[in-house]
Novice: 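After the structure tokens below, expect a handful of questions from me.
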Amino acid sequence: MSVPVWNPAVEFMEREALERLQLTRLRQTVAWALKTPFYRRRLAEVGLTHPEDLGSLRDLRKLPYTTKDDLRAAFPDGLLAVDLERTVRLHTSSGTTGMPTVIYHTRPDLDHWTELVARCIVAAGATARDVFQNMTNYGMFTGGLGLHYGAERVGMLVIPVSSGNTGRQIHLMRNFQTTVVHATPSYLLHLHAALAGEGVTVDQLRLRKAFIGAEPHSEETRRKIEALFGIQAYNSYGLSEMNGPGVAFECVHQTGLHLWEDAYMLEIIDPGTLQPLPEGQTGEIVMTTLQRQATPLLRYRTRDLSHLVSGNCPCGRTHRRLARIKGRSDDMLIVNGVNVFPSQIEDVLMKTPEVGTNYLIQLEKRGSLDRLVVKTEIYAKLFTGDPRTLDDLRERIGEALRSAILIKPTVELHEPGSLPVSEGKAKRVVDLRPAF
Ligand code: AMP
Ligand code: ZN
């Protein structure tokens, strides 16, 4: 089988050459960073005043970390490394929890980003013959414009519908015989549930692939999406601080997400000690931009948790692979002292055949104890009127959760369509416990 590839020279580059390229670009990035007051100060603190002070890639460890709080403190342009007239676009993060963070781009920055997204699309087996419906928001959120320009560069026919209006999405898919979509996994599950209401069946669509990302999801959720639509779904990872989509993507083999190492230096660290972890251990993803002039970021702490997949991918790409994102170091729940990741709960739910396409995790306080409530939609046909069917199912899900997370939560079963849905990132956890 021939491997679909966009830029073979870079994607199959020998590691040694790739690392030489990284060092050149890292020095260039430090030179750009030194143009900002923020990094001039930070780098001076560690005795670094010149890019040539970096003797090898190991010296990356001498560089200071950058956090989301640093980005917020630098609002709006404390991290801008070029004159404003050379910038052509900015994106901000959603900023629901305080000051937004801003990333500026020059024209070459946008060009590089587009190139990375084109590589991802082709690695996942899509081509210029595909009709691409982009169901993510076209605004400050980077998923819309990011995938849009990448898909155009590949030569796909792009339907720039943006997010929301599920009925319209379904009719566009049918009328234009869409073959590839980009959406959050939770939205695709919601869309599937809405097909019948629009009088459309999966057979009337020509869908063959989906790019899913922007939110944590389990392998079981991916398999469910694949089975419901009869397609292949590929995991797409990115964050606005690193441009957006195009950071790491699955190739057709679906064995982890290739991270484009000519554009990003990758480290996995222990979020407690801040020390780099040996390959294969799970920790926080830290990235350094290697190609972005307007807003270079050194050792940015993403808070996302993952590990490196060992060995080589059958596709032959030399860029290493990240495992599916396990969650964020700040989304771990502590329930009566036990650590629980929402992804562990999702795993169990999506493995249960009766479970539908939506769920919600709620935390409450009962006296001095935490109470974990897992609300999940189940298929309508299960509401037969016989309460034993539902009692049995509740008990089965409760026990399966107990063996996965060591806590037996209260399980609530809901009818399809009754739990809240989001057009963008799903909000899976509602924590009603008082702050202290
Ligand atoms: P934003 O900067 O608003 O695009 O959000 C980026 C964040 O979304 C990342 O830091 C991750 O926490 C999450 N995210 C993006 N893509 C994925 C993915 N494929 N799997 C899990 N989480 C993701
Ligand atoms: Zn591969």
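Counting starts at 1 for both ligands and their atoms, in listed order.
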Novice: Determine whether the side chain, the backbone, both or neither of L239 has a heavy atom under 4.0 Å from any heavy atom of ligand 1.
Specialist: both

Novice: Which atoms of ligand 1 sit under 4.0 Å from any heavy atom of I325?
Specialist: 20 (N), 21 (C)

Novice: Show me the side-chain donor-acceptor pairs of residues 164-172 shorter than 3.5 Å, one per line, residues at least two apart or across chains.
Specialist:
| unit_1 | atom_1 | unit_2 | atom_2 | d |
| --- | --- | --- | --- | --- |
| N165 | OD1 | R168 | N | 3.3 |
| T166 | OG1 | Y187 | OH | 2.8 |
| Q169 | OE1 | Q133 | NE2 | 2.9 |
| Q169 | NE2 | S162 | O | 2.8 |
| Q169 | NE2 | G164 | O | 3.1 |
| H171 | NE2 | E198 | OE1 | 2.8 |

Novice: From the options A214, S236, S240, select the one whose nearest heavy atom is closest to atom 13 (C) of ligand 1.
Specialist: A214

Novice: Could you check whether R208 pairs with D130 (Lys NZ or Arg NE/NH1/NH2 to Asp/Glu carboxylate O, under 4.0 Å)?
Specialist: yes

Novice: State if G238 counts as touching ligand 1 under the rule of any non-hydrogen atom under 4.0 Å.
Specialist: yes

Novice: Do R119 and E115 sit within salt-bridge range, that is, some charged N less than 4.0 Å from a carboxylate O?
Specialist: yes

Novice: Counting only protein N/O/S, how many atoms fall short of 2.8 Å from the Zn ion (ligand 2)?
Specialist: 4

Novice: Is there any N or O on D304 that sits under 3.5 Å from an N or O of ligand 1?
Specialist: yes

Novice: What atoms in ligand 1 come closer than 4.0 Å to a heavy atom of N235?
Specialist: 18 (C), 19 (N)

Novice: Taking H91 as the fixed residue, which of W113, F141, Y138 is the one that meets the ring pair (Phe, Tyr, Trp, His ring centres under 6.0 Å) rule?
Specialist: W113

Novice: Out of all atoms in ligand 1, which are within 4.0 Å of some heavy atom of R328? Include the element for each.
Specialist: 10 (O), 12 (O)

Novice: What heavy-atom pair brings P185 and T221 nearest, and what distance separates the two atoms?
Specialist: CB-CG2, 4.2 Å

Novice: Under 4.0 Å, heavy atoms only, figure out whether ligand 1 is touched by the backbone of L257, its side chain, both or neither.
Specialist: neither

Novice: Of the options R107, R86, Q28, which is the one that meets Q293 in a side-chain contact (heavy atoms from CB on, under 4.5 Å)?
Specialist: R86

Novice: Take every heavy atom of K425, measure it against each atom of ligand 1, and state whether any distance is under 4.0 Å.
Specialist: yes

Novice: Under a 4.0 Å threshold between the charged nitrogen and the carboxylate oxygen, would E346 count as salt-bridged to K224?
Specialist: no

Novice: Are R222 and E219 close enough for a salt bridge, meaning some N to O gap below 4.0 Å?
Specialist: yes

Novice: Please list, in number order, the atoms of ligand 1 under 4.0 Å from a heavy atom of F141.
Specialist: 4 (O)

Novice: Return the minimal non-hydrogen interatomic distance between R301 and Y65, and the atom names on each side.
Specialist: CG-CD2, 3.9 Å

Novice: Should you measure from each heavy atom of G213, which atoms of ligand 1 turn up under 4.0 Å away?
Specialist: 19 (N)

Novice: Apply the test side-chain contact (heavy atoms from CB on, under 4.5 Å) to residues D262 and L18: give CA-CA distance (whole Å), side-chain angles for both, the deciding distance (0.1 Å), then the verdict.
Specialist: CA-CA 7 Å; D262 59 314; L18 185 54; 4.0 Å; yes

Novice: What's the shortest heavy-atom distance between S418 and E377, and which atoms?
Specialist: N-OE2, 3.2 Å

